[in-house]
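Below: the structure, in structure tokens.
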Amino acid sequence: MNKNNYWVTLQDMKETDFFVKDASMKEQFRFKEGILPVRYYDQHLYYVDWHWHEEVEFTQIVCDQMICEIGSEQLTLRKGDCLLINSQVLHQYVQVDTEQEGISDWTSLLFDPQLIADADSLAYRQYIEPIIRSSRQYLLLDPSVPWQKAVIEYFQKAEQLCVSNPPVVDLYLKQALTGLWIQLAEHMDLFPAYENRSPKQRKQERLRIMMRYIWEHYQEPITLTDIAREVHVSERTAERCFKDEIQVSPLIYLQNYRLRCARRMLLTDESSSILDIALNCGFESSSYFDRIFKRAYQITPRQFRQTAGSIN
């Protein structure tokens, strides 16, 4: 636990706590009284599945490459890249090389802009709300642009504070994040308002509910009709919702999710057979599972388990 309890790091909680979501895929985290609304993570993970949160997120890539999928866009990020992800934006992180099990490294700083100004204040309404409620989902910061370089430097300063934990760190953190936000507020033209936010919101809400249904029922036989019925829309509307927002169909998302669950079980559950894992993850047979797994990862489940075991 960090000694002053001013913010939360990944070491302050069980890893599973980081991935807890509610029914809408929102990350669930409650700050203890007296702790700043700041979370710092030094990530060493294979992937982080689709999720969203109220906080603004700043991420910097440590490994050579990784992919961040934000709504319908896929960004290939390289070492040193710094990314801003806006509040309430659905996103996920995945590794570039899917042929081998590997670890991606990146750091993330999440904070509630109410740290800078109270939600009832004029400053919040003028300089914070227009940014977090804008149509811009993300900003890949360019260090060759002076003000964006300044944002990166403030972000890195905040990271250093989280790691070094100096005296009166809460004041220094607020100072760094306020300096960062001033740079964003001075370039408000990059954060246009939604022309019509409600339809976009409804589509994302539907998507979150359908994704939740898949997460809860992936072990069972699921049809497109089942997924669409969960939000009371036609199969065509469900298809369009997934493809517009995350560029895959509902059934492909279901298959990919089952594969990720199976891949995790192959690494962590040595007592279960390949057939047991296939059935537990919703595949109808081990032969079908073998075929789909090899198509996705260019290796069979058995070979994958053996390779991972030899590495460990």
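Because only heavy atoms are used, hydrogens play no part in the values below, and waters and symmetry mates are left out as well, while side chains stay in.
Considering only heavy atoms from C-beta on, W106 stays 4.5 Å or farther from L77 through its side chain. In this structure, the side chains of W50 and M211 come closer than 4.5 Å at one or more pairs of heavy atoms. In this structure, the side chains of F304 and L267 come closer than 4.5 Å at one or more pairs of heavy atoms. Counting only heavy atoms from C-beta outward, the side chains of Y218 and C261 approach each other to under 4.5 Å. Looking at T107 and E159, their side chains come closer than 4.5 Å, going by heavy atoms from C-beta outward. M265 is listed as a side-chain neighbour of C281, based on a closest heavy-atom distance under 4.5 Å.
Between H187 and W147, the two ring planes are parallel [angle under 30°; tilted spans 30° to 60°]. Below 30°, between 30° and 60°, or above 60°: for Y288 and F283 the angle between ring planes is between 30° and 60°, a tilted geometry.
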Just distance, no hydrogens or angles: give the donor-acceptor pairs under 3.5 Å from side chains in residues 272-279, sequence neighbours left out.
from: S272; atom 1: OG; to: D269; atom 2: OD1; distance (Å): 3.4
from: S272; atom 1: OG; to: D269; atom 2: OD2; distance (Å): 2.6
from: S273; atom 1: OG; to: D276; atom 2: N; distance (Å): 3.1
from: S273; atom 1: OG; to: D276; atom 2: OD2; distance (Å): 3.2

Contacts under 3.5 angstrom, residues 235-243 side chains, donor-acceptor by atom type, not counting sequence neighbours:
from: E235; atom 1: OE2; to: T225; atom 2: OG1; distance (Å): 2.3
from: T237; atom 1: OG1; to: S234; atom 2: OG; distance (Å): 3.0

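With sequence neighbours excluded, the residues forming a side chain to side chain donor-acceptor pair (under 3.5 Å) with D226 are T223, R229, listed by chain and number. The side chain to side chain contact (heavy atoms under 4.5 Å, CB included) test applied to Q175 returns Y172, not counting sequence neighbours. Residues meeting the salt bridge (Lys or Arg N to Asp or Glu O under 4.0 Å) test with E230, sequence neighbours left out: R212. Looking at residues two or more places apart in sequence or on another chain, you find a side chain to side chain donor-acceptor pair (under 3.5 Å) between R264 and Y47. By the side chain to side chain contact (heavy atoms under 4.5 Å, CB included) test, A117 pairs with S121, A123, Y124, I128, sequence neighbours left out. In this structure S286 satisfies the side chain to side chain donor-acceptor pair (under 3.5 Å) test with no other residue, sequence neighbours excluded. Checked against side chain to side chain contact (heavy atoms under 4.5 Å, CB included), I67 has the following partners two or more places apart in sequence or in another chain: E69, Q74, T76, V94, V96. Qualifying side chain to side chain donor-acceptor pair (under 3.5 Å) partners for Y138, counting only residues two or more places apart in sequence or in other chains: E73. Take Y213 and apply the ring pair (Phe, Tyr, Trp, His ring centres under 6.0 Å) test, not counting sequence neighbours, and it matches H217. Listed by chain and residue number, K79 satisfy the side chain to side chain contact (heavy atoms under 4.5 Å, CB included) test with D64 (two or more places apart in sequence, or in another chain).
A donor-acceptor contact closer than 3.5 angstrom is absent between the side chains of Q88 and H53. With no hydrogens or angles considered, a side-chain donor-acceptor pair links Y93 and T59 at under 3.5 Å.
Two rings, from Y127 and W181, have their centers 6.0 Å or more apart.
Within the cation-pi definition used here (under 6.0 Å to the ring centroid, within 45° of the axis), R263 qualifies as a partner of Y297.
More than 12 heavy-atom neighbours from other residues, nucleotides or ligands sit within 6.0 angstrom of CD on E220.
A donor-acceptor pair under 3.5 Å is formed between the side chain of S135 and the backbone N or O of P192.
Of the candidates I61, L75, L141, D81 forms a side chain to side chain contact (heavy atoms under 4.5 Å, CB included) with just one, namely I61. If you run side-chain hydrogen bond (donor to acceptor under 3.5 Å, both in side chains) between H51 and each of R208, Q92, H91, only H91 comes through.
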